[in-house]
Amino acid sequence: MKNRKSRLFLLTVLAVLLLAAAFFGFSKQTFREQVEINYAILKTGEQLRSKDQVQRWYLSSSGESDSLSVSEQTPFSARITARFQGKEKAFRFSINGDTLNAQLSTVTLSYEHTYFGHWFGKNPLIRDARKSLQNLKAYMEDSKRFYGYEIQLVKVEDTAFLFKSVSVPLATKREATRKLFDELIAYAASKDAGYNGVRIFYSLKGEKDIKLFASIGVTKAMDPDPATGIEYKKMPMGKNLLVANYQGTLNEVDKAYRALDRFKSDHNFTSMAIPFQKILSDGYDFSDEQIVQLKIFSPVF
């Protein structure tokens, strides 16, 4: 009799446990995952503002534009509904700032699912959302993907230059640029200044004229004759430079300058001098349509 009661008790407990497991296992719960991204909360929030923006980083199994919809947007959150093979699921992406670091934000992915489904299921929509959370971080922190150019923070290495600037009509830009570099290189040779092959250039375009700034790297300190218009300048060693690698036609180099400006603003850098480009291609007599290799620099602190 006693053993019978014990077995009945155990069966009752087991039944209760099974019912509890079924209840919790099949009832919907909210699951969350987070990543930290090295951008301020407002910039990170921009990645949720529209469907076009979301599709730049969201990984969809269907690969079709109509497989995603974005709704309930706020500056810091959005509801993304994903569809695949006749099924759909909604996910919430929300962003919080860091109280100690204004250039850091935390993105939280949240969605509803059962415990059993979470532990044992292979829902492709959930898999895509989780991968997309990681891809959002990878996308934003890869300057080539996010800005179109590889951008890095480096230290000043080339420090001494011969410099000259002139203003000329727009139509004579190429000829004047060639003449400017020819003059600087010839002057360096006449003074045994140790021209090291570094060529630096920048221009400011007006309505009819353009101001050209040209420099060449030298290894010898000097005090040029003011009548030549040539100056000896030094860049402080070890100071910070943002640098973007550029390969393309010369007439589209402004795109790289604009990308540097966006990077600088997004990362809270302040300009300390005008930007400039270091010519990596051989020569300096280029047409606007010619493909060149440059490094675009912006001195910052």
Side-chain angles (χ1 to χ4, degrees), residues 35-59 75 95 101-105 107 132 134-158 165 170 173-174 177 198-206 210-215 235 239-281 284 286-301:
V35 295
E36 286 188 341
I37 297 179
N38 291 312
Y39 277 89
I41 183 173
L42 285 172
K43 190 65 181 181
T44 306
E46 290 178 6
Q47 313 317 308
L48 301 174
R49 298 288 169 81
S50 69
K51 179 180 175 180
D52 287 344
Q53 193 66 40
V54 168
Q55 286 179 323
R56 296 181 183 182
W57 53 268
Y58 200 96
L59 303 173
I95 307 166
N101 185 352
Q103 290 300 116
L104 188 68
S105 56
V107 182
S132 296
Q134 300 298 326
N135 193 50
L136 173 59
K137 175 181 175 67
Y139 165 68
M140 292 190 69
E141 295 183 358
D142 183 336
S143 62
K144 182 69 183 261
R145 293 175 64 189
F146 200 51
Y147 296 97
Y149 303 92
E150 182 184 349
I151 300 175
Q152 297 175 308
L153 183 67
V154 301
K155 299 295 184 181
V156 170
E157 294 180 354
D158 301 311
S165 67
L170 281 170
K173 174 190 174 184
R174 182 178 179 183
T177 301
V198 174
R199 292 143 294 145
I200 287 176
F201 182 75
Y202 184 64
S203 64
L204 285 174
K205 187 186 295 185
I210 186 167
K211 190 165 186 179
L212 310 176
F213 305 83
S215 298
M235 193 177 296
K239 294 297 184 180
N240 290 327
L241 294 171
L242 287 177
V243 56
N245 295 318
Y246 177 80
Q247 179 172 322
T249 58
L250 197 60
N251 59 4
E252 291 192 334
V253 71
D254 284 350
K255 292 180 180 179
Y257 281 102
R258 290 195 293 270
L260 266 186
D261 283 341
R262 292 195 302 273
F263 186 97
K264 180 173 58 181
S265 175
D266 293 342
H267 291 82
N268 205 29
F269 287 112
T270 301
S271 296
M272 59 180 294
I274 63 172
F276 58 89
Q277 60 201 45
K278 183 176 181 179
I279 303 169
L280 303 182
S281 301
Y284 44 83
F286 308 118
S287 68
D288 284 347
E289 295 76 27
Q290 189 169 346
I291 293 178
V292 294
Q293 284 188 315
L294 308 170
K295 283 186 178 292
I296 312 299
F297 293 93
S298 180
V300 296
F301 62 85

Spacing of [X] atom [atom1] and [Y] atom [atom2] [to the nearest 0.5 Å]:
| X | Y | atom1 | atom2 | answer |
| --- | --- | --- | --- | --- |
| Phe286 | Ile279 | CZ | CD1 | 5.5 Å |
| Phe213 | Ile274 | CZ | CD1 | 5.0 Å |
| Gln277 | Ile296 | CD | CD1 | 4.5 Å |
| Leu212 | Arg174 | CG | CZ | 14.0 Å |
| Ile210 | Leu204 | CD1 | CG | 8.0 Å |

Flag the pair Gln53 / Leu48 as yes when at least one side-chain heavy-atom distance between them is below 4.5 Å, and no otherwise. no
Do the non-hydrogen side-chain atoms of Ile37 and Ile95 ever get within less than 4.5 Å of each other? no
Do Tyr39 and Phe146 have ring centres separated by under 6.0 Å? yes
Set of residues satisfying ring pair (Phe, Tyr, Trp, His ring centres under 6.0 Å) with respect to Phe263, sequence neighbours excluded: Tyr147, His267
Applying ring pair (Phe, Tyr, Trp, His ring centres under 6.0 Å), can you list everything that pairs with Phe297, at least two apart in sequence or on another chain? Phe276
Filter on salt bridge (charged side-chain N to carboxylate O under 4.0 Å, His left out), then keep only pairs touching residues 265-274, sequence neighbours left out; what's left? Lys43-Asp266
Please name the pair of heavy atoms, one in Leu59 and one in Ser132, separated by the smallest distance, quoted to 0.1 Å. N-OG, 2.7 Å
Name each donor-acceptor pair under 3.5 Å that joins a side chain in residues 136-144 to protein atoms two or more places apart or in another chain, with its distance.
residue	atom	partner	partner atom	Å
Lys137	NZ	Glu36	O	2.6
Lys137	NZ	Glu141	OE1	3.3
Lys137	NZ	Glu141	OE2	3.1
Glu141	OE2	Asn38	N	2.8
Glu141	OE2	Asn38	ND2	3.2
Asp142	OD1	Lys144	N	3.0
Asp142	OD1	Arg145	N	3.4
Ser143	OG	Tyr149	O	3.3
Ser143	OG	Ile151	N	2.8

Solution key, residues 239-248 side-chain donor-acceptor pairs under 3.5 Å, sequence neighbours excluded:
residue	atom	partner	partner atom	Å
Asn240	OD1	Lys155	NZ	2.7
Asn245	OD1	Lys295	NZ	2.7
Asn245	ND2	Glu150	OE1	3.4
Tyr246	OH	Thr249	N	3.4
Tyr246	OH	Thr249	O	2.5
Gln247	OE1	Gln293	NE2	2.9

For [X], enumerate each residue passing the side-chain hydrogen bond (donor to acceptor under 3.5 Å, both in side chains) test, keeping only those at least two apart in sequence or located in another chain.
| X | answer |
| --- | --- |
| Arg258 | none |
| Ser271 | Lys264 |
| Ser215 | none |

Test your reading of the model: is there a side-chain donor-acceptor pair from Arg199 to the backbone of Ser281, 3.5 Å cut-off? yes
Examine distances only and state if a side-chain atom of Ser265 and a backbone atom of Asp261 form a donor-acceptor pair shorter than 3.5 Å. no
With sequence neighbours excluded, what pairs up with [X] under the salt bridge (Lys or Arg N to Asp or Glu O under 4.0 Å) test?
| X | value |
| --- | --- |
| Lys51 | none |
| Arg49 | none |
| Glu157 | none |

Quick one: list whatever passes side-chain contact (heavy atoms from CB on, under 4.5 Å) with Asp52, sequence neighbours left out. Ser50, Gln55
